[in-house]
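What follows is a short report on a single structure.
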Protein chains: 2
Amino acid sequence: MLKYQQIANQIEHYIEQHQLQQGSKLPVLETLMENFSSSKSTIIKALDLLEKKGLIFQVRGSGIFVRRKSRRGYINLLSNQGFKKDLEEFDITTEMISLEIVKPTQEAADNLQIAKDQDVYHVKRIRYISGQTLCLEESYYDKSIVTYLNKQIVTESIFDYIREGLGLNIGFSEMYIKTGKLTDEESEYLKLPTADPKLIMESIFFLANGTPFDFSKVTYNHEQSQFFLLGTGL
Amino acid sequence: MLKYQQIANQIEHYIEQHQLQQGSKLPVLETLMENFSSSKSTIIKALDLLEKKGLIFQVRGSGIFVRRKSRRGYINLLSNQGFKKDLEEFDITTEMISLEIVKPTQEAADNLQIAKDQDVYHVKRIRYISGQTLCLEESYYDKSIVTYLNKQIVTESIFDYIREGLGLNIGFSEMYIKTGKLTDEESEYLKLPTADPKLIMESIFFLANGTPFDFSKVTYNHEQSQFFLLGTGL
DNA sequence: CAGTGGTCTAGACCACACA
DNA sequence: GTGTGGTCTAGACCACTGC
């Protein structure tokens, strides 16, 4: 692991262990340089990581301070995968509805930038939070990249498998969010009245080399799902 | 303006002017260092900026490539203020409904971290996109920080005024997103049936020194509003 | 004006992609 | 193995905050 990541982790643990509150001042740069025996740039890189994660904020001419978000139980829109971390205090489970190899819909082919006659894995899953339905997920994986999937992988973590099992590097994503009314099928799965509000999140995930490999449409139960986002550098 | 920002801007313009497509390769680091007569770290810092903005992606051992998002007409959730940039092809206008100095609600006081007897500016506005209602906004500004507001400021850009008029440094934000059903009042303003879906976005904005100064609740018209978010470094 | 964070440089060395 | 991006260092100098 890289030095600046290690330093970032150590500072993060330090903040956690000492239960530092919003606004607490961290040691100055020079002290951190000595403590971690490293150069200024490396410390700054570690701090930038923490700032991006929303754990600290830096004020020029003044110091480095702890930042704490005020609300709990919201899902981080940028948490780079999964609700696990945000909702770890809750009980999240996944149920597979279907897993099959098909030809993509027009929409899926467009978003995956592939031809309509190429094979894709089509996966439908439901996520539960403390027994209640959290969301309904429909995903398409480019089979020429994600060459194999089975029930176990799909019930656990597909992304972990892609990274570790297939040795692929996941790079970046695009996410599109809107609201709408639940269809009959959706309201049945989510156990909510038809035409109730839903939150729709469409995501496209790309490998580090820029190739899209996953297009997902997720419908969230409006009574269970709340999202947050931390902005930096306005 | 800082050197790395200038370089970032120039590269951005270069991409725009040459209409580079998704996946186009940019010159290698060494070439960029020569072209902009600067050190490696400065170029990398400029590229990191562009990567964060979602304009390029860097692949170690391979090169620097142009990234283009696939859809238009969505609002960037991280665009650091305003829809102007995302929706510049559309006609956005703002109408002020009310502007008054009041004592905060419990909710506003909590989010602004002030006492309930401190004064706040309470602002209600409607935003239109091509004549249709886009959203309904209710904001509270800590009057001890944002000492003055008038109709003109509120109809134009409050944030520009805070930055330039008051000389304050805006730092970071927290945003919370959920869905719900429109109330009678909201549906009247948004010209949609009562109980139709709405998207609620609550934001808290902080000065660079960590003090919250603005708490806003925005209700979006579900037929007009679509958001996007670019993820990096998964 | 002292204290503190940020920018920029030059250069050594490392890690990964791809042919 | 060559090309290419990323990490890390030491140090000069700049810019902002707050007493």
Side-chain angles (χ1 to χ4, degrees), chain A residues 1-11 23-52 56-67 145 163 166-172 206-211 232-233, chain B residues 1-11 23-52 56-67 145 163 166-172 206-211 232-233:
Chain A
M1 178 175 279
L2 297 167
K3 195 166 182 182
Y4 74 89
Q5 289 178 327
Q6 283 178 27
I7 295 175
N9 287 340
Q10 289 183 50
I11 297 178
S24 307
K25 190 162 189 271
L26 291 177
V28 301
L29 270 181
E30 210 174 332
T31 312
L32 293 172
M33 286 165 67
E34 284 163 16
N35 289 171
F36 294 105
S37 354
S38 64
S39 72
K40 197 170 184 176
S41 336
T42 306
I43 299 289
I44 287 189
K45 195 144 196 203
L47 293 173
D48 283 349
L49 251 190
L50 294 174
E51 186 160 49
K52 220 169 101 183
I56 61 164
F57 61 95
Q58 301 173 71
V59 187
R60 195 203 297 239
S62 175
I64 304 154
F65 305 90
V66 173
R67 176 176 174 191
I145 298 170
R163 256 190 292 262
L166 296 174
L168 295 171
N169 278 329
I170 299 174
F172 48 90
F206 300 79
L207 296 179
N209 69 15
T211 316
T232 52
Chain B
M1 180 177 277
L2 297 167
K3 193 166 183 181
Y4 74 89
Q5 289 178 326
Q6 284 179 25
I7 295 175
N9 288 340
Q10 290 183 50
I11 297 178
S24 306
K25 192 164 190 267
L26 291 177
V28 301
L29 270 181
E30 210 176 332
T31 312
L32 294 172
M33 286 165 65
E34 285 162 16
N35 288 171
F36 295 105
S37 350
S38 64
S39 73
K40 197 171 186 175
S41 334
T42 305
I43 298 290
I44 287 188
K45 195 145 194 202
L47 293 173
D48 283 349
L49 251 190
L50 294 174
E51 185 160 49
K52 220 168 102 182
I56 61 163
F57 61 96
Q58 301 174 73
V59 187
R60 193 203 297 240
S62 176
I64 304 155
F65 304 90
V66 172
R67 175 175 175 192
I145 298 170
R163 256 190 292 263
L166 295 173
L168 295 171
N169 278 328
I170 298 173
F172 47 90
F206 300 79
L207 295 180
N209 69 16
T211 317
T232 53

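Chain letters run A, B, ... following the sequence lines, proteins first, then strands; residues in each count from 1.
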Note to self: Using a 4.0 Å heavy-atom cut-off, does A/Ile64 contact any base of the nucleic acid, only the sugar-phosphate backbone, or nothing at all?
What the structure shows: sugar-phosphate

Is A/Ser62 touching bases, backbone alone, or none of the nucleic acid, heavy atoms closer than 4.0 Å?
sugar-phosphate

How far apart are the closest heavy atoms of [X] and [Y], and which atoms are they?
X	Y	value
B/Ser38	B/Ile7	OG-CD1, 3.7 Å
A/Leu47	A/Leu29	CD1-CD2, 3.8 Å
B/Pro27	B/Ile64	O-CD1, 3.8 Å
B/Ala46	B/Tyr4	CB-O, 3.3 Å

Strictly below 4.0 Å: does [X] bring a side-chain N or O up to OP1 or OP2 of [N]?
X	N	answer
A/Tyr4	D/dC8	no
B/Lys45	C/dT7	yes
B/Thr42	C/dT9	yes
B/Asn169	D/dT17	yes

Are the side chain of A/Gln6 and the backbone N or O of A/Met1 linked by a donor-acceptor pair below 3.5 Å? yes

Next item on the list: Kindly say whether B/Thr232 contributes a backbone atom to a donor-acceptor pair with the side chain of B/Glu51 at under 3.5 angstrom?
Entry: no

Taking for B/Gln58 and for A/Lys3 the nucleotide of DNA chain D with the nearest heavy atom, the one nearer the 5' end belongs to B/Gln58

Ranking B/Pro27 and B/Asn209 by the position along DNA chain D of their nearest nucleotide, the one closer to 5' is B/Pro27

What is the distance, to the nearest angstrom, from the [atom1] atom on [X] to the [atom2] atom on [N]?
X	N	atom1	atom2	answer
B/Met33	C/dA10	CE	C1'	8 Å
B/Arg60	D/dT2	CZ	P	20 Å
B/Leu26	D/dT4	CG	P	13 Å
B/Leu207	D/dT17	CG	P	11 Å
B/Gln5	D/dC14	CD	C1'	14 Å
A/Glu34	D/dT9	CD	C1'	16 Å
B/Ile43	D/dG6	CD1	P	12 Å
B/Leu2	C/dG6	CG	C1'	8 Å

Do the rings of A/Phe206 and A/Phe172 sit parallel, tilted or perpendicular, given the 30° and 60° boundaries? parallel

The answer to which of A/Ser41 and A/Leu29 contacts DNA chain C further toward the 5' end, by nearest nucleotide, is A/Leu29

Heavy-atom nearest nucleotide on DNA chain C taken for A/Asp48 and for B/Gly61; more 5' hit belongs to A/Asp48

Any donor-acceptor pair, under 3.5 Å, between the side chain of B/Lys40 and the base of C/dG11, if you only look at N and O atoms?
no

Within a 6.0 Å radius of atom CD on B/Glu30, are there more than 12 heavy atoms belonging to other residues, nucleotides or ligands?
no

Rounded to 10°, the helix from C/dC1-D/dG18 to C/dC18-D/dG1 deviates from straight, judged by its five-pair end axes, by 30°

Closest of D/dT7, C/dC8, C/dA17 to the B/Ile44 side chain is D/dT7

Quick note, B/Val28 side chain, CB onward, closest among C/dC8, C/dG5, D/dG5 is D/dG5

